[in-house]
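I have placed the structure first, in the form of structure tokens, so that the comments after it can refer back to it.
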Amino acid sequence: MNVEHQQRRKRKFQVSTPQIMTAKKDVTNVILQQAILPLYFNADETVSIEVLRAIYKAGIEAVEYTNRGEAALNNFKKLVQIKNNEMPRMLLGVGTVKNLQDAESYINAGADFLVSPGLIPAVIDYANSQDIFYAPGCMTPSEIITAENKGIVFIKLFPGNLLGPEFVSSIKDIFPKLLFMPTGGVDTTKENLESWFKAGVCAGHVWCRKIDR
């Protein structure tokens, strides 16, 4: 890809993107340090805010709010306000990004990073052009290869409950430069987490089920 084409692609995405962004490496480092990425959604704005406060108080500094339901974007905007006022170290990302419009809407709302259930080339290009952390969901070696060839380093393995730790063990040596985070099939028991980390994942993607209403 020549320099002129790269500049055109970058200009294409710069129109609606905020000027202050959290770099990929910063998000990656926080997730690696805490070794877990909690994710949640609640249709109630107040509940969503209180959960974020509780997560931050517990020492977590990166959390994902999922794009589920009509209230998600408005709730997210309020969470960003609370984060900016009360949680200076918190990185707040959005999950269940399924298209470029989702990505742009949440980045414009203040998201620090993006996570998807699948592999979306347009979102990869958008994230790469702005140095935004993006973890696409992959289920097969072919999808992982596609992501790697487009510059992705952090892979969400989904659905983890179907793939299992054995899948990670089988592919880890093929992708030595990639970081893997399973979603689904991950819980907070010692046995479960040990099985995943021994297989070679870098973090667990854990759904806060009791607040999913």
Side-chain angles (χ1 to χ4, degrees), residues 16-18 20-24 26-118 120 123 126-127 130 132-137 154 156-161 181-189 193 203-213:
S16 59
T17 303
I20 301 175
M21 302 295 301
T22 303
K24 291 179 188 177
D26 296 327
V27 178
T28 302
N29 288 340
V30 171
I31 296 175
L32 291 180
Q33 183 176 11
Q34 63 188 34
I36 191 172
L37 182 62
L39 65 152
Y40 77 101
F41 169 76
N42 192 287
D44 186 277
E45 179 185 289
T46 300
V47 173
S48 294
I49 292 170
E50 291 309 312
V51 169
L52 185 65
R53 285 175 171 149
I55 288 174
Y56 188 67
K57 186 176 180 180
I60 294 295
E61 296 184 359
V63 64
E64 174 189 324
Y65 192 75
T66 60
N67 176 33
R68 302 189 183 189
E70 295 181 0
L73 183 56
N74 286 335
N75 285 356
F76 189 85
K77 291 176 181 178
K78 186 62 178 180
L79 292 176
V80 170
Q81 294 176 12
I82 298 297
K83 181 203 78 163
N84 291 341
N85 290 332
E86 302 178 15
M87 309 170 193
R89 299 183 307 278
M90 175 62 84
L91 298 177
L92 179 60
V94 62
T96 318
V97 172
K98 294 188 285 188
N99 52 56
L100 180 58
Q101 182 178 354
D102 287 344
E104 292 178 321
S105 294
Y106 279 93
I107 290 297
N108 289 337
D112 293 307
F113 60 91
L114 305 168
V115 181
S116 289
I120 310 169
V123 176
Y126 170 67
Q130 302 298 327
I132 298 168
F133 176 99
Y134 173 50
F154 202 105
K156 166 180 169 173
L157 294 175
F158 180 74
N161 56 311
M181 177 182 70
T183 304
V186 182
D187 60 47
T188 56
T189 64
L193 292 174
H205 203 203
V206 181
W207 182 259
C208 302
R209 295 183 182 277
K210 290 185 179 181
I211 57 173
D212 178 25
R213 296 290 185 271

Exercise for the section: Mind checking the CD1-CD1 spacing from Ile55 to Ile60? Nearest 0.5 Å is all I need. Expected result: 7.5 Å

Practice task
Return the minimal non-hydrogen interatomic distance between Asp112 and Val27, and the atom names on each side.
Solution key: O-CG2, 3.9 Å

Handout entry: Intermediate values then yes/no, side chain to side chain contact (heavy atoms under 4.5 Å, CB included), Val94 and Leu114
Key = CA-CA 5 Å; Val94 62; Leu114 305 168; 3.6 Å; yes

Problem - Taking every non-hydrogen atom, the tightest pair across Lys24 and Ala127 - result: CE-O, 4.2 Å

Practice task
Report yes if some heavy atom in the side chain of Val206 is under 4.5 Å from a heavy atom in the side chain of Pro38; otherwise report no.
Solution key: no

Problem - Candidate pair Met90 and Val63, rule side chain to side chain contact (heavy atoms under 4.5 Å, CB included), full reasoning - result: CA-CA 8 Å; Met90 175 62 84; Val63 64; 3.7 Å; yes

Handout entry: Counterpart residues, side chain to side chain contact (heavy atoms under 4.5 Å, CB included), relative to Asn84 (two or more places apart)
Key = Val80

Considering only distance and modelled atom types, tabulate donor-acceptor pairs under 3.5 Å from the side chains of residues 72-79, sequence neighbours left out.
{"residue": "Asn75", "atom": "ND2", "partner": "Asn42", "partner atom": "O", "Å": "3.1"}
{"residue": "Asn75", "atom": "ND2", "partner": "Ala43", "partner atom": "O", "Å": "3.3"}
{"residue": "Asn75", "atom": "ND2", "partner": "Tyr65", "partner atom": "OH", "Å": "3.1"}

Practice task
Find the distance between NE2 (His205) and CE (Met181) and round it off to the nearest 0.5 Å.
Solution key: 4.0 Å

Fill in the blank from the handout: dist Gln81:CD -> Ile49:CD1 (nearest 0.5 Å) comes out at 8.5 Å

Exercise for the section: Could you check if a side-chain atom of Tyr134 sits within less than 4.5 angstrom of a side-chain atom of Ile120, using non-hydrogen atoms only? Expected result: yes

Problem - Thr96 (side chain) donor-acceptor with Thr66 (main chain) under 3.5 angstrom - result: no

Problem - Atom pair SG/CZ of Cys208 and Phe41 - distance to nearest 0.5 Å - result: 13.5 Å

Exercise for the section: Measure from the side-chain N and O atoms of Tyr40 to the backbone N and O of Ser48, and report whether any donor-acceptor pair falls under 3.5 Å. Expected result: yes

Fill in the blank from the handout: Tightest non-hydrogen contact, residues Thr189 and Asp187, listed as OG1-OD1, 2.6 Å

Handout entry: Nearest heavy atoms of Ala135 and Lys156, plus distance in Å
Key = O-CB, 4.2 Å

Handout entry: Distance (rounded to the nearest 0.5 Å) between Leu92 CG and Leu52 CG
Key = 6.0 Å

Practice task
Report yes if some heavy atom in the side chain of Val97 is under 4.5 Å from a heavy atom in the side chain of Asn67; otherwise report no.
Solution key: no

Fill in the blank from the handout: With sequence neighbours left out, the residues meeting ring-ring contact (aromatic ring centres under 6.0 Å, His included) with Phe154 are Phe133

Practice task
Compare every heavy atom of Glu86 with every heavy atom of Tyr56, then report the nearest pair and how far apart it is.
Solution key: CE2-O, 4.1 Å

Handout entry: Over 12 foreign heavy atoms within 6.0 Å of CD, Glu50
Key = yes

Problem - Side-chain (Gln34) to main-chain (Ala62) donor-acceptor, under 3.5 angstrom - result: yes

Exercise for the section: Compare every heavy atom of Asp26 with every heavy atom of Leu91, then report the nearest pair and how far apart it is. Expected result: CD1-O, 4.2 Å

Exercise for the section: To the nearest 0.5 angstrom, please state how far the NZ atom of Lys57 sits from the CE atom of Met87. Expected result: 11.5 Å

